[in-house]
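Everything below concerns the one structure shown next.
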Protein chains: 2
Amino acid sequence: MPRAVDTGEPSRERSPSRIGTCGVLCEECRVRPISVCRSLAGPALDELDAITQRVRLAAGRILFDEGEPADNLFTLTEGVVKLFKMLPDGRRQITGFLVPGDFLGLAYFRSYAYSAEAVTDAHLCRFPRERFMALLERHPALEKELLSRASSELAAAQEQMLLLGRKSARERVASFLASLARRHGSTGGSLIALPMSRYDIADYLGLTVETVSREIQAAKASGVIEMPDRHHFRVVDRQRLEAAAASG
Amino acid sequence: MPRAVDTGEPSRERSPSRIGTCGVLCEECRVRPISVCRSLAGPALDELDAITQRVRLAAGRILFDEGEPADNLFTLTEGVVKLFKMLPDGRRQITGFLVPGDFLGLAYFRSYAYSAEAVTDAHLCRFPRERFMALLERHPALEKELLSRASSELAAAQEQMLLLGRKSARERVASFLASLARRHGSTGGSLIALPMSRYDIADYLGLTVETVSREIQAAKASGVIEMPDRHHFRVVDRQRLEAAAASG
DNA sequence: TCGCGGCATTGACCCAGATCAAAAGGTCGG
DNA sequence: CCGACCTTTTGATCTGGGTCAATGCCGCGA
């Protein structure tokens with residue numbers, strides 16, 4: 001099992017620039033800094049910067065394991081991270097794929113409720129739990145932002161329960177591709193990355209690799225999508241993709 | 001489709017009693033008042049009481065439908081309520097069963113992300129969204145409580161994803177019974193209510209009624225549980241029940 | 001450049017749980 | 001008390017997707 005502890009020095013000096021309403025700035029990702037909090041005003045941002053540590057995580061490395069003491073919170077600034085839970089016998093359920101801007105290690109737990117692993121090389125901002133919580137006390141706006149994020153995560157989780165409990169394999173794969181396309185903001189025709197393996201997709205959709213592969217092939221064959229290579233696709237017929245997803 | 005709008009007059013007069021750290025008091029359920037917020041101090045409670053409306057809901061009636069404008073938030077004070085999402089063709093996934101003390105209609109959405117229906121006769125406290133949000137502004141402790149609840153709901157949702165995506169029918173039913181027993185705080189041997197129908201259980205576990213029925217019969221036959229009637233059970237062999245649940 | 005190891009795809013077969021069917025309780029209005 | 005209707009149980013059969021087995025593909029290290 002790969003295990004990463006890639007630190008990142010506290011970096012006390014003020015970030016040299018901020019763009020728009022964005023908050024914590026990742027030095028290496030300056031081109032695309034991601035806010036931990038869209039609605040934070042100046043002072044809160046400064047304090048957040050002060051407790052921020054930069055972390056890098058190579059693809060395939062574990063950020064933390066389920067059950068570990070939850071000593072840190074994170075925001076993802078670059079790359080893709082997957083969250084998952086496992087059963088004692090090795091069966092795995094991926095509960096989500098995080099993209100830049102997403103928050104990780106949500107508060108109010110003694111220990112992490114899931115494991116987190118990098119799908120691609122990733123950059124994160126790390127906040128020591130204690131200090132972050134103290135900051136939360138002083139800045140209700142930050143708390144509000146977290147509540148808002150928790151709410152949308154909850155809605156996404158419920159949607160995923162619908163998928164896992166009631167959708168067919170074809171519908172699951174179509175839903176997955178459609179939601180990637182939606183997240184991508186693609187109006188159709190643009191190239192969308194599929195950075196995770198077929199195994200990851202299977203463990204996210206509650207299927208086997210073989211079934212995922214077959215359904216993706218079927219989607220290609222029916223002309224709903226195009227795939228220039230295994231890790232990129234294009235939505236050719238959005239209508240039919242959405243229909244196949246059976247979205248409520 | 002049954003549809004309930006059972007109001008409940010604003011009830012402006014102060015609640016005559018409070019027990020321990022409990023908050024909003026349901027007049028009819030005085031024997032067991034349930035807090036909306038364990039950590040609220042006096043002033044916040046008074047303000048909460050001021051915007052509270054009592055609502056009653058007969059078994060089988062809808063509190064609200066997915067997609068409706070989310071004009072109200074609720075806490076359940078008595079009874080059991082189920083939350084669910086549906087697909088256009090009628091397939092249904094129940095995402096949770098609420099018990100007294102649970103919060104409902106979480107903030108930061110324009111419209112409800114799911115439908116809510118009473119499993120048994122239920123009593124709720126209703127808070128008009130606007131006023132509740134305003135109150136939230138003034139009382140960070142309330143916000144903190146909501147965040148805490150959202151976090152545990154999220155953890156529960158992830159556990160359910162693991163169940164729906166990766167567990168067998170036997171494991172699902174065992175997990176369900178085990179979690180009811182845990183929630184009940186049963187040390188073993190005590191009678192636990194199973195107020196929902198087999199259909200509801202099936203739609204919660206992503207199975208069919210027939211499969212749920214068969215697995216429950218199997219659990220009885222193997223001596224893991226006892227059932228004095230169809231809507232009550234007793235855990236006879238907690239060891240084996242937990243083992244069958246394959247809980248991570 | 002070659003060869004190895006981990007993805008990905010494809011095919012053949014199988015089985016857990018769905019579907020179909022029917023009977024047995026239970027509940028409620030009249 | 002009757003009868004209609006619904007929930008639950010039980011049995012028989014079917015099938016979507018899992019399992020097992022190969023082969024192809026690709027990236028990487030030496």
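Throughout, protein chains are lettered first and strands after them, A, B, ... in sequence-line order, and every chain is numbered starting at 1.
- One can place CE of M196(A) at 16 Å from C1' of dA8(C), the figure rounded to the nearest angstrom.
- Shown here are the side-chain hydrogen bond (donor to acceptor under 3.5 Å, both in side chains) partners of N72(A), two or more places apart in sequence or in another chain: there are none.
- With rounding to whole Å, L164(A) atom CG is found 16 Å from dG16(D) atom C1'.
- At dA8(C), one or more side-chain N or O atoms of H231(A) fall inside 4.0 Å of OP1 or OP2 (strictly under the cut-off).
- With contacts defined as side-chain heavy-atom distances shorter than 4.5 Å, the pair P228(B)/L191(B) qualifies.
- Atom C1' of nucleotide dT9(C) and atom CE of M227(A) are separated by 12 Å, given to the nearest angstrom.
- The list of salt bridge (Lys or Arg N to Asp or Glu O under 4.0 Å) pairs with a residue in residues 186-195 of chain B, not counting sequence neighbours, is empty.
- In summary, the side chains of K85(B) and T95(B) do not present any donor paired with an acceptor at a separation below 3.5 Å, with no hydrogens or angles considered.
- Under the side-chain hydrogen bond (donor to acceptor under 3.5 Å, both in side chains) criterion, S197(A) pairs with no residue, sequence neighbours left out.
- Counting to the nearest Å, the P atom of dC7(C) and the CG atom of L194(A) are 15 Å from each other.
- Taking F84(B) as the reference, nothing meets the ring-ring contact (aromatic ring centres under 6.0 Å, His included) condition, with sequence neighbours excluded.
- Rounded to a whole Å, the CZ atom of R198(A) is 13 Å from the C1' atom of dC26(D).
- In this view, R183(B) satisfies the salt bridge (charged side-chain N to carboxylate O under 4.0 Å, His left out) rule with no residue, not counting sequence neighbours.
- Looking at residues two or more places apart in sequence or on another chain, you find a side-chain hydrogen bond (donor to acceptor under 3.5 Å, both in side chains) between S115(B) and D65(B).
- For the pair Y199(A) OH and dT19(D) P, the computed distance is 12 Å after rounding to whole Å.
- Near DNA chain C, defined here as any heavy-atom distance below 4.0 Å, the residues from residues 201-215 of chain A are E210(A), S213(A), R214(A), listed numerically.
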Would you tabulate the pairs of protein nitrogen or oxygen atoms and nucleotide nitrogen or oxygen atoms of nucleotides 28-30 of chain D closer than 3.5 angstrom?
none

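- K220(B) places its NZ atom 12 Å from the C1' atom of dT10(D), with the value rounded to the nearest Å.
- In this structure R234(B) satisfies the salt bridge (charged side-chain N to carboxylate O under 4.0 Å, His left out) test together with E226(B), sequence neighbours excluded.
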| request: Determine, for nucleotides 22-30 of chain C in 5'-to-3' order, which nucleotides have protein heavy atoms under 4.0 Å from the base (write B), from only the sugar-phosphate (write S), or from neither (write -). | output: ---SS----
I'd like a table of donor-acceptor pairs (distance under 3.5 Å, sequence neighbours excluded) in which one partner is a side-chain atom from residues 211-219 of chain A, with atom names and distances.
residue : atom : partner : partner atom : Å
T211(A) : OG1  : T208(A) : OG1          : 3.1
E215(A) : OE1  : R170(A) : NE           : 2.8
E215(A) : OE1  : R170(A) : NH2          : 3.1
Q217(A) : OE1  : K220(A) : NZ           : 3.3

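- Regarding R172(A), its CZ atom lies at a distance of 11 Å from the C1' atom of dG16(D), rounded to whole Å.
- In this structure, F233(A) has no ring-ring contact (aromatic ring centres under 6.0 Å, His included) partners at least two apart in sequence or on a different chain.
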